[in-house]
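Here the structure is laid out as C-alpha coordinates; the discussion comes afterwards.
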Amino acid sequence: MHTVEPIRWTPEGVVILDQRRLPREVVYHTYTDYREVAKAIRDMVIRGAPAIGVAAAMGVAIGLERSQAQSLEELRTEFTLICETLARTRPTAVDLFWAIERFRRRFMELSQAAENNGAGGLAPIKAALVEEAKHFLRERQDADRSLGRLGAKLLPQRGRVMTQCNAGALATAGIGTALGVIRMAVEAGHQIEVLVPETRPYLQGARLTAWELHQDQIPLTLITDNMVGHFLKTGDVGAVVVGADRIASNGDTANKIGTYGIAVLAREHQIPFYVAAPISTLDLSIASGEEIPIEERAEEEVTHLAGLPISPEVRAAHPAFDVTPARFITAIITERGVARPPYETSLRELAAHS
Ligand code: MRU
(Lines give C-alpha, C1' and ligand atoms only; values in the text may rest on other atoms or scores of the structure.)
Protein backbone atom coordinates (compact mmCIF):
# COMPACT_ATOMS: atom_id res chain seq x y z
CA MET A 1 0.00 0.00 0.00
CA HIS A 2 1.70 3.20 -1.12
CA THR A 3 0.20 6.34 0.32
CA VAL A 4 1.09 10.00 -0.12
CA GLU A 5 3.68 11.48 2.28
CA PRO A 6 2.43 14.81 3.66
CA ILE A 7 5.57 15.48 5.70
CA ARG A 8 9.13 14.19 5.90
CA TRP A 9 12.43 15.07 7.49
CA THR A 10 15.31 15.73 5.09
CA PRO A 11 18.83 17.12 5.57
CA GLU A 12 17.61 20.31 3.84
CA GLY A 13 14.72 20.82 6.27
CA VAL A 14 11.13 19.73 6.94
CA VAL A 15 9.40 19.01 3.64
CA ILE A 16 5.62 19.51 3.72
CA LEU A 17 3.07 18.90 0.99
CA ASP A 18 0.87 21.99 0.53
CA GLN A 19 -2.63 20.56 1.08
CA ARG A 20 -4.25 23.90 0.25
CA ARG A 21 -3.35 23.34 -3.39
CA LEU A 22 -4.64 19.79 -3.71
CA PRO A 23 -6.02 18.27 -5.85
CA ARG A 24 -4.98 20.66 -8.61
CA GLU A 25 -1.28 20.81 -7.81
CA VAL A 26 1.18 18.68 -5.85
CA VAL A 27 3.61 21.20 -4.38
CA TYR A 28 6.10 20.64 -1.56
CA HIS A 29 7.75 23.36 0.55
CA THR A 30 10.96 22.98 2.55
CA TYR A 31 10.97 24.66 5.96
CA THR A 32 14.14 25.50 7.86
CA ASP A 33 12.64 27.81 10.49
CA TYR A 34 10.25 26.63 13.24
CA ARG A 35 8.23 29.86 12.86
CA GLU A 36 7.48 28.92 9.26
CA VAL A 37 6.39 25.44 10.39
CA ALA A 38 4.04 27.06 12.92
CA LYS A 39 2.60 29.26 10.19
CA ALA A 40 2.17 26.22 7.91
CA ILE A 41 0.12 24.52 10.64
CA ARG A 42 -2.01 27.62 11.25
CA ASP A 43 -2.59 28.21 7.53
CA MET A 44 -3.48 24.53 6.96
CA VAL A 45 -0.62 23.72 4.60
CA ILE A 46 -0.65 20.60 6.78
CA ARG A 47 -3.73 19.62 8.78
CA GLY A 48 -5.41 16.67 10.48
CA ALA A 49 -4.75 16.04 14.18
CA PRO A 50 -1.99 13.38 14.04
CA ALA A 51 -0.19 15.12 11.14
CA ILE A 52 -0.30 18.39 13.10
CA GLY A 53 1.41 16.47 15.93
CA VAL A 54 4.13 15.25 13.55
CA ALA A 55 4.57 18.78 12.17
CA ALA A 56 4.94 20.12 15.72
CA ALA A 57 7.53 17.43 16.52
CA MET A 58 9.51 18.29 13.41
CA GLY A 59 9.04 22.01 14.10
CA VAL A 60 10.66 21.57 17.52
CA ALA A 61 13.46 19.49 15.99
CA ILE A 62 14.23 21.98 13.21
CA GLY A 63 14.06 24.87 15.69
CA LEU A 64 16.70 23.22 17.86
CA GLU A 65 18.83 21.93 15.02
CA ARG A 66 19.11 25.40 13.47
CA SER A 67 19.43 27.23 16.80
CA GLN A 68 22.33 29.68 17.17
CA ALA A 69 22.35 29.30 20.98
CA GLN A 70 25.86 29.20 22.44
CA SER A 71 25.06 27.69 25.83
CA LEU A 72 22.65 25.24 27.40
CA GLU A 73 20.98 28.15 29.14
CA GLU A 74 20.37 29.92 25.83
CA LEU A 75 19.14 26.71 24.24
CA ARG A 76 16.64 26.21 27.08
CA THR A 77 15.25 29.72 26.58
CA GLU A 78 14.95 29.16 22.86
CA PHE A 79 13.31 25.76 23.37
CA THR A 80 10.57 27.35 25.48
CA LEU A 81 9.93 29.95 22.78
CA ILE A 82 9.79 27.27 20.06
CA CYS A 83 7.22 25.24 22.04
CA GLU A 84 5.10 28.31 22.79
CA THR A 85 5.09 29.36 19.14
CA LEU A 86 4.02 25.92 17.93
CA ALA A 87 1.37 25.61 20.67
CA ARG A 88 -0.32 28.84 19.52
CA THR A 89 -1.31 27.45 16.12
CA ARG A 90 -4.47 25.35 16.35
CA PRO A 91 -6.30 24.89 19.66
CA THR A 92 -8.54 21.84 19.18
CA ALA A 93 -6.24 19.06 17.94
CA VAL A 94 -4.77 17.69 21.15
CA ASP A 95 -2.05 15.74 19.30
CA LEU A 96 -0.27 19.08 18.90
CA PHE A 97 0.05 19.55 22.67
CA TRP A 98 0.76 15.87 23.22
CA ALA A 99 3.72 16.04 20.82
CA ILE A 100 5.07 19.26 22.34
CA GLU A 101 4.81 17.81 25.84
CA ARG A 102 6.65 14.66 24.78
CA PHE A 103 9.48 16.73 23.28
CA ARG A 104 9.60 18.96 26.34
CA ARG A 105 10.11 15.91 28.57
CA ARG A 106 12.81 14.49 26.28
CA PHE A 107 14.59 17.85 26.09
CA MET A 108 14.57 18.20 29.91
CA GLU A 109 15.98 14.69 30.24
CA LEU A 110 18.78 15.33 27.73
CA SER A 111 19.68 18.78 28.99
CA GLN A 112 19.67 17.60 32.61
CA ALA A 113 21.96 14.69 31.70
CA ALA A 114 24.30 17.04 29.81
CA GLU A 115 24.44 19.33 32.84
CA ASN A 116 25.09 16.47 35.27
CA ASN A 117 27.89 15.04 33.11
CA GLY A 118 29.41 18.47 32.65
CA ALA A 119 29.34 17.80 28.89
CA GLY A 120 28.91 21.26 27.39
CA GLY A 121 28.24 20.42 23.73
CA LEU A 122 24.78 21.14 22.35
CA ALA A 123 25.18 19.00 19.23
CA PRO A 124 24.26 15.65 20.89
CA ILE A 125 21.04 17.15 22.31
CA LYS A 126 20.08 18.54 18.91
CA ALA A 127 20.89 15.26 17.16
CA ALA A 128 18.88 13.25 19.72
CA LEU A 129 15.80 15.42 19.19
CA VAL A 130 16.04 15.14 15.42
CA GLU A 131 16.15 11.34 15.84
CA GLU A 132 13.17 11.55 18.19
CA ALA A 133 11.18 13.44 15.53
CA LYS A 134 11.94 10.79 12.90
CA HIS A 135 11.05 8.06 15.38
CA PHE A 136 7.82 9.88 16.21
CA LEU A 137 6.78 9.73 12.55
CA ARG A 138 7.51 5.97 12.37
CA GLU A 139 5.44 5.44 15.52
CA ARG A 140 2.51 7.29 13.94
CA GLN A 141 2.73 5.09 10.88
CA ASP A 142 2.80 1.88 12.96
CA ALA A 143 -0.15 3.12 15.03
CA ASP A 144 -2.22 3.72 11.89
CA ARG A 145 -1.61 0.21 10.66
CA SER A 146 -2.55 -1.40 13.99
CA LEU A 147 -5.63 0.78 14.27
CA GLY A 148 -6.58 0.07 10.66
CA ARG A 149 -6.28 -3.68 11.17
CA LEU A 150 -8.54 -3.61 14.26
CA GLY A 151 -11.09 -1.30 12.66
CA ALA A 152 -11.31 -3.18 9.37
CA LYS A 153 -13.03 -6.08 11.13
CA LEU A 154 -15.89 -3.77 12.10
CA LEU A 155 -16.73 -2.73 8.56
CA PRO A 156 -19.27 -4.57 6.42
CA GLN A 157 -17.96 -7.18 3.93
CA ARG A 158 -19.67 -5.30 1.16
CA GLY A 159 -21.61 -2.09 0.83
CA ARG A 160 -21.25 1.58 1.61
CA VAL A 161 -19.33 3.34 4.34
CA MET A 162 -19.55 7.07 5.05
CA THR A 163 -16.71 9.23 6.37
CA GLN A 164 -16.29 12.96 7.01
CA CYS A 165 -13.51 15.45 6.29
CA ASN A 166 -10.13 13.84 5.62
CA ALA A 167 -8.80 11.35 8.16
CA GLY A 168 -6.43 9.80 5.66
CA ALA A 169 -2.72 9.66 4.91
CA LEU A 170 -2.72 13.42 4.45
CA ALA A 171 -4.03 13.84 7.98
CA THR A 172 -1.71 11.42 9.80
CA ALA A 173 1.44 10.83 7.72
CA GLY A 174 0.64 7.09 7.87
CA ILE A 175 -2.23 5.30 6.10
CA GLY A 176 -4.79 7.39 7.96
CA THR A 177 -7.19 6.65 10.81
CA ALA A 178 -10.72 6.49 9.32
CA LEU A 179 -9.25 5.96 5.84
CA GLY A 180 -6.69 3.56 7.33
CA VAL A 181 -9.59 1.41 8.55
CA ILE A 182 -11.15 1.57 5.09
CA ARG A 183 -7.82 0.84 3.34
CA MET A 184 -7.16 -2.20 5.56
CA ALA A 185 -10.70 -3.47 4.98
CA VAL A 186 -10.26 -3.17 1.22
CA GLU A 187 -6.87 -4.92 1.50
CA ALA A 188 -8.60 -7.72 3.43
CA GLY A 189 -11.09 -8.19 0.58
CA HIS A 190 -14.09 -6.10 1.67
CA GLN A 191 -15.97 -4.64 -1.26
CA ILE A 192 -16.59 -1.13 -0.08
CA GLU A 193 -17.72 2.08 -1.67
CA VAL A 194 -17.03 5.22 0.33
CA LEU A 195 -19.55 8.06 0.57
CA VAL A 196 -17.51 11.25 0.91
CA PRO A 197 -19.29 14.44 2.09
CA GLU A 198 -17.48 17.44 0.59
CA THR A 199 -17.00 19.00 4.07
CA ARG A 200 -17.70 22.69 3.64
CA PRO A 201 -16.20 25.17 4.06
CA TYR A 202 -12.65 23.92 3.62
CA LEU A 203 -13.64 20.98 1.40
CA GLN A 204 -11.31 18.41 2.94
CA GLY A 205 -13.73 15.71 1.71
CA ALA A 206 -13.96 16.89 -1.89
CA ARG A 207 -10.36 17.99 -2.28
CA LEU A 208 -8.41 15.56 -0.09
CA THR A 209 -10.38 12.39 0.74
CA ALA A 210 -11.71 12.07 -2.81
CA TRP A 211 -8.15 12.57 -4.11
CA GLU A 212 -6.62 9.98 -1.77
CA LEU A 213 -9.27 7.32 -2.43
CA HIS A 214 -9.18 7.95 -6.16
CA GLN A 215 -5.39 7.50 -6.18
CA ASP A 216 -5.79 4.17 -4.36
CA GLN A 217 -8.61 3.15 -6.72
CA ILE A 218 -11.02 2.70 -3.84
CA PRO A 219 -14.56 3.31 -5.15
CA LEU A 220 -16.15 6.49 -3.85
CA THR A 221 -19.09 8.79 -4.40
CA LEU A 222 -18.68 12.45 -3.54
CA ILE A 223 -21.77 14.09 -2.03
CA THR A 224 -22.52 17.60 -0.75
CA ASP A 225 -22.96 17.99 2.99
CA ASN A 226 -26.71 18.53 2.72
CA MET A 227 -27.10 15.05 1.16
CA VAL A 228 -25.88 13.26 4.29
CA GLY A 229 -29.36 12.68 5.78
CA HIS A 230 -30.74 11.45 2.50
CA PHE A 231 -27.98 8.92 1.98
CA LEU A 232 -28.04 7.68 5.58
CA LYS A 233 -31.78 7.11 5.19
CA THR A 234 -31.83 5.53 1.74
CA GLY A 235 -28.27 4.74 0.70
CA ASP A 236 -27.61 1.31 2.27
CA VAL A 237 -24.80 2.66 4.40
CA GLY A 238 -23.37 -0.12 6.60
CA ALA A 239 -21.18 2.05 8.84
CA VAL A 240 -19.82 5.53 9.40
CA VAL A 241 -16.15 5.92 10.31
CA VAL A 242 -14.57 9.28 11.14
CA GLY A 243 -11.39 10.61 12.74
CA ALA A 244 -11.08 12.81 15.84
CA ASP A 245 -9.27 15.90 17.03
CA ARG A 246 -9.79 15.40 20.74
CA ILE A 247 -11.59 12.74 22.77
CA ALA A 248 -12.59 13.52 26.36
CA SER A 249 -12.52 10.91 29.19
CA ASN A 250 -16.21 10.18 28.75
CA GLY A 251 -15.81 9.55 25.00
CA ASP A 252 -17.25 12.86 23.77
CA THR A 253 -15.38 13.51 20.53
CA ALA A 254 -14.44 16.71 18.72
CA ASN A 255 -14.07 16.26 14.99
CA LYS A 256 -14.62 18.31 11.84
CA ILE A 257 -17.74 20.47 11.83
CA GLY A 258 -20.64 18.38 10.54
CA THR A 259 -19.63 15.18 12.32
CA TYR A 260 -22.20 15.66 15.10
CA GLY A 261 -25.06 15.84 12.60
CA ILE A 262 -23.86 12.69 10.86
CA ALA A 263 -23.69 10.84 14.21
CA VAL A 264 -27.26 11.82 15.16
CA LEU A 265 -28.56 10.77 11.75
CA ALA A 266 -26.63 7.49 11.91
CA ARG A 267 -28.32 6.72 15.25
CA GLU A 268 -31.74 7.53 13.78
CA HIS A 269 -31.12 5.00 11.02
CA GLN A 270 -29.42 2.36 13.24
CA ILE A 271 -26.09 2.66 11.44
CA PRO A 272 -22.97 2.02 13.56
CA PHE A 273 -20.89 5.18 14.05
CA TYR A 274 -17.17 4.58 14.68
CA VAL A 275 -14.45 7.02 15.70
CA ALA A 276 -10.92 5.99 14.68
CA ALA A 277 -8.11 7.80 16.49
CA PRO A 278 -4.70 7.12 18.03
CA ILE A 279 -4.14 7.18 21.79
CA SER A 280 -2.48 10.59 21.32
CA THR A 281 -5.92 12.03 20.51
CA LEU A 282 -7.29 11.13 23.97
CA ASP A 283 -7.43 13.96 26.45
CA LEU A 284 -8.08 12.22 29.74
CA SER A 285 -7.43 15.45 31.63
CA ILE A 286 -10.93 16.63 30.72
CA ALA A 287 -14.17 15.05 31.86
CA SER A 288 -16.38 15.81 28.88
CA GLY A 289 -16.60 17.46 25.48
CA GLU A 290 -17.80 20.70 27.06
CA GLU A 291 -14.19 21.42 27.99
CA ILE A 292 -12.85 21.03 24.45
CA PRO A 293 -11.80 24.38 22.93
CA ILE A 294 -13.36 24.83 19.50
CA GLU A 295 -11.24 26.62 16.94
CA GLU A 296 -12.99 29.57 15.31
CA ARG A 297 -11.56 30.23 11.85
CA ALA A 298 -11.77 33.19 9.48
CA GLU A 299 -15.18 34.29 8.15
CA GLU A 300 -13.68 34.46 4.64
CA GLU A 301 -13.41 30.67 4.63
CA VAL A 302 -17.24 30.68 4.51
CA THR A 303 -17.94 33.78 2.44
CA HIS A 304 -15.32 32.98 -0.20
CA LEU A 305 -14.54 29.95 -2.31
CA ALA A 306 -11.14 29.65 -3.98
CA GLY A 307 -10.62 33.37 -3.32
CA LEU A 308 -13.93 34.45 -4.89
CA PRO A 309 -16.87 35.84 -2.86
CA ILE A 310 -19.95 33.60 -2.86
CA SER A 311 -22.09 35.74 -0.55
CA PRO A 312 -22.73 39.44 0.07
CA GLU A 313 -20.50 41.04 2.70
CA VAL A 314 -22.28 39.66 5.76
CA ARG A 315 -21.18 38.19 9.03
CA ALA A 316 -20.28 34.49 8.83
CA ALA A 317 -19.24 31.88 11.39
CA HIS A 318 -16.73 29.11 11.06
CA PRO A 319 -16.41 26.87 14.09
CA ALA A 320 -13.97 24.34 12.63
CA PHE A 321 -15.12 21.43 14.84
CA ASP A 322 -18.15 20.15 16.69
CA VAL A 323 -18.48 17.71 19.56
CA THR A 324 -20.31 14.41 19.18
CA PRO A 325 -21.65 13.19 22.54
CA ALA A 326 -20.35 9.74 23.46
CA ARG A 327 -23.85 8.21 23.44
CA PHE A 328 -23.88 8.40 19.63
CA ILE A 329 -20.54 6.58 19.26
CA THR A 330 -20.70 2.81 18.79
CA ALA A 331 -16.97 2.29 19.41
CA ILE A 332 -13.66 4.16 19.44
CA ILE A 333 -10.94 2.36 17.50
CA THR A 334 -7.36 2.96 18.67
CA GLU A 335 -4.05 1.27 17.89
CA ARG A 336 -4.25 -0.51 21.27
CA GLY A 337 -7.76 -1.87 20.95
CA VAL A 338 -11.40 -1.01 20.39
CA ALA A 339 -13.05 0.91 23.24
CA ARG A 340 -16.78 0.39 23.87
CA PRO A 341 -19.09 2.21 26.28
CA PRO A 342 -18.76 3.04 29.09
CA TYR A 343 -15.81 5.02 27.77
CA GLU A 344 -14.82 6.36 31.20
CA THR A 345 -13.37 2.93 31.95
CA SER A 346 -12.53 1.53 28.50
CA LEU A 347 -10.49 4.57 27.37
CA ARG A 348 -8.53 4.71 30.64
CA GLU A 349 -7.73 1.00 30.35
CA LEU A 350 -6.40 1.44 26.80
CA ALA A 351 -4.38 4.53 27.74
CA ALA A 352 -2.76 2.72 30.69
CA HIS A 353 -1.92 -0.33 28.61
CA SER A 354 1.27 0.49 26.66
O1 MRU B 1 -9.29 21.28 10.17
P2 MRU B 1 -8.64 19.97 9.85
O3 MRU B 1 -8.60 19.65 8.40
O4 MRU B 1 -7.29 19.86 10.53
O5 MRU B 1 -9.59 18.91 10.54
C6 MRU B 1 -9.29 17.55 10.41
C7 MRU B 1 -10.28 16.66 11.03
O8 MRU B 1 -11.26 17.08 11.60
C9 MRU B 1 -9.95 15.20 11.04
O10 MRU B 1 -11.10 14.42 10.96
C11 MRU B 1 -9.21 14.85 12.34
O12 MRU B 1 -8.15 15.75 12.55
C13 MRU B 1 -8.71 13.47 12.33
S14 MRU B 1 -7.42 13.25 11.18
C15 MRU B 1 -6.88 11.66 11.29
Side-chain angles (χ1 to χ4, degrees), residues 3-4 6-7 16-20 22 40-56 89-99 140-141 143-148 151 162-183 194 196-212 225 240-247 253-263 273-283 289 292-298 301-302 318-324 329 332-335:
T3 49
V4 59
I7 183 164
I16 301 182
L17 171 62
D18 192 338
Q19 298 189 27
R20 298 168 308 180
L22 287 172
I41 297 172
R42 199 170 34 247
D43 294 349
M44 305 204 18
V45 174
I46 185 160
R47 31 65 53 202
I52 291 172
V54 174
T89 50
R90 297 197 67 193
T92 305
V94 78
D95 297 65
L96 171 76
F97 306 98
W98 190 87
R140 294 262 59 85
Q141 293 167 339
D144 274 8
R145 295 193 76 83
S146 307
L147 183 161
M162 186 180 284
T163 187
Q164 165 72 341
C165 189
N166 172 266
L170 290 164
T172 69
I175 59 167
T177 52
L179 292 195
V181 168
I182 291 170
R183 284 192 163 100
V194 188
V196 180
E198 61 181 354
T199 318
R200 274 276 293 152
Y202 206 75
L203 300 176
Q204 289 95 330
R207 295 187 305 104
L208 309 178
T209 296
W211 183 76
E212 266 197 60
D225 297 332
V240 176
V241 58
V242 300
D245 281 80
R246 196 185 288 231
I247 302 173
T253 294
N255 191 47
K256 180 52 55 195
I257 191 77
T259 304
Y260 170 45
I262 298 179
F273 180 91
Y274 299 113
V275 170
I279 293 290
S280 54
T281 305
L282 301 183
D283 184 355
I292 300 178
I294 300 294
E295 177 181 3
E296 203 50 63
R297 292 190 63 88
E301 291 182 1
V302 175
H318 182 191
F321 304 96
D322 57 26
V323 176
T324 299
I329 302 172
I332 298 175
I333 308 158
T334 77
E335 70 274 33

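Indexing begins at 1, ligand by ligand and atom by atom, following the structure's order. Position 1 is the first residue of the sequence; numbering continues from there.
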Quiz item: What about Arg47: any of its N or O atoms under 3.5 Å from an N or O on ligand 1?
Solution: yes

Quiz item: For Cys165, does its backbone N or O pair with a side-chain atom of Thr199 as donor and acceptor, under 3.5 Å?
Solution: yes

Exercise. Identify, by atom number and element, the atoms of ligand 1 in contact range of Ala167, meaning under 4.0 Å from any of its heavy atoms.
Key: 14 (S), 15 (C)

Practice problem: Check ligand 1 against Ala49 and write out every atom of the ligand that is under 4.0 Å from a heavy-atom position of the residue. | Solution: 12 (O), 14 (S)

Quiz item: For ligand 1, which part of Phe321 has a heavy atom less than 4.0 Å away: the side chain, the backbone, both, or neither?
Solution: side chain

Exercise. Below 4.0 angstrom from a heavy atom of Lys256, which ligand 1 atoms are there? Numbered from 1 as shown, please.
Key: 1 (O), 2 (P), 5 (O), 8 (O)

Exercise. Report the C-alpha distance between Val4 and Trp211 in whole Å, list the side-chain angles of each, state the deciding distance to 0.1 Å, and finish with yes or no for side chain to side chain contact (heavy atoms under 4.5 Å, CB included).
Key: CA-CA 10 Å; Val4 59; Trp211 183 76; 4.0 Å; yes

Quiz item: Does the side chain to side chain contact (heavy atoms under 4.5 Å, CB included) test come out yes or no for Arg297 and Phe321, once each step is laid out?
Solution: CA-CA 10 Å; Arg297 292 190 63 88; Phe321 304 96; over 6 Å; no

Quiz item: Which is it for Gln204 and ligand 1 at heavy atoms under 4.0 Å: side chain, backbone, both or neither?
Solution: side chain

Quiz prompt | Atom indices of ligand 1 within 4.0 angstrom of Met44 heavy atoms, with elements | solution = 1 (O), 3 (O)

Quiz item: With a 4.0 Å heavy-atom cut-off (strictly under), which part of Ala51 contacts ligand 1: side chain, backbone, both or neither?
Solution: neither

Quiz item: What are the atoms of ligand 1, with element, lying closer than 4.0 Å to any heavy atom of Thr172?
Solution: 15 (C)

Practice problem: Begin with the C-alpha distance, continue with both residues' side-chain angles, and end with the deciding distance and a verdict on side chain to side chain contact (heavy atoms under 4.5 Å, CB included) for Ile257 and Tyr202. | Solution: CA-CA 10 Å; Ile257 191 77; Tyr202 206 75; over 6 Å; no

Quiz item: Does Gly168, backbone or side chain, put an N or O under 3.5 Å from an N or O of ligand 1?
Solution: no

Quiz prompt | Ligand-side contact atoms (ligand 1) for residue partner Arg90, heavy atom cut-off under 4.0 Å | solution = 1 (O), 2 (P), 4 (O)

Practice problem: Pick one of side chain, backbone, both or neither for how Cys165 approaches ligand 1, counting any non-hydrogen atom pair under 4.0 Å. | Solution: side chain

Self-check item: Polar side chain donor-acceptor pair, Gln164 to Asn255, under 3.5 angstrom
Solution: no

Quiz item: What atoms of ligand 1 come within less than 4.0 Å of a heavy atom belonging to Ala171?
Solution: 14 (S), 15 (C)

Exercise. Decide side chain to side chain contact (heavy atoms under 4.5 Å, CB included) for Arg47 and Lys256; before the verdict, give the C-alpha distance in whole Å, the side-chain angles of both, and the deciding distance to 0.1 Å.
Key: CA-CA 11 Å; Arg47 31 65 53 202; Lys256 180 52 55 195; over 6 Å; no

Quiz prompt | Evaluation steps, side chain to side chain donor-acceptor pair (under 3.5 Å), between Asp144 and Thr172 | solution = CA-CA 8 Å; Asp144 274 8; Thr172 69; 2.5 Å; yes

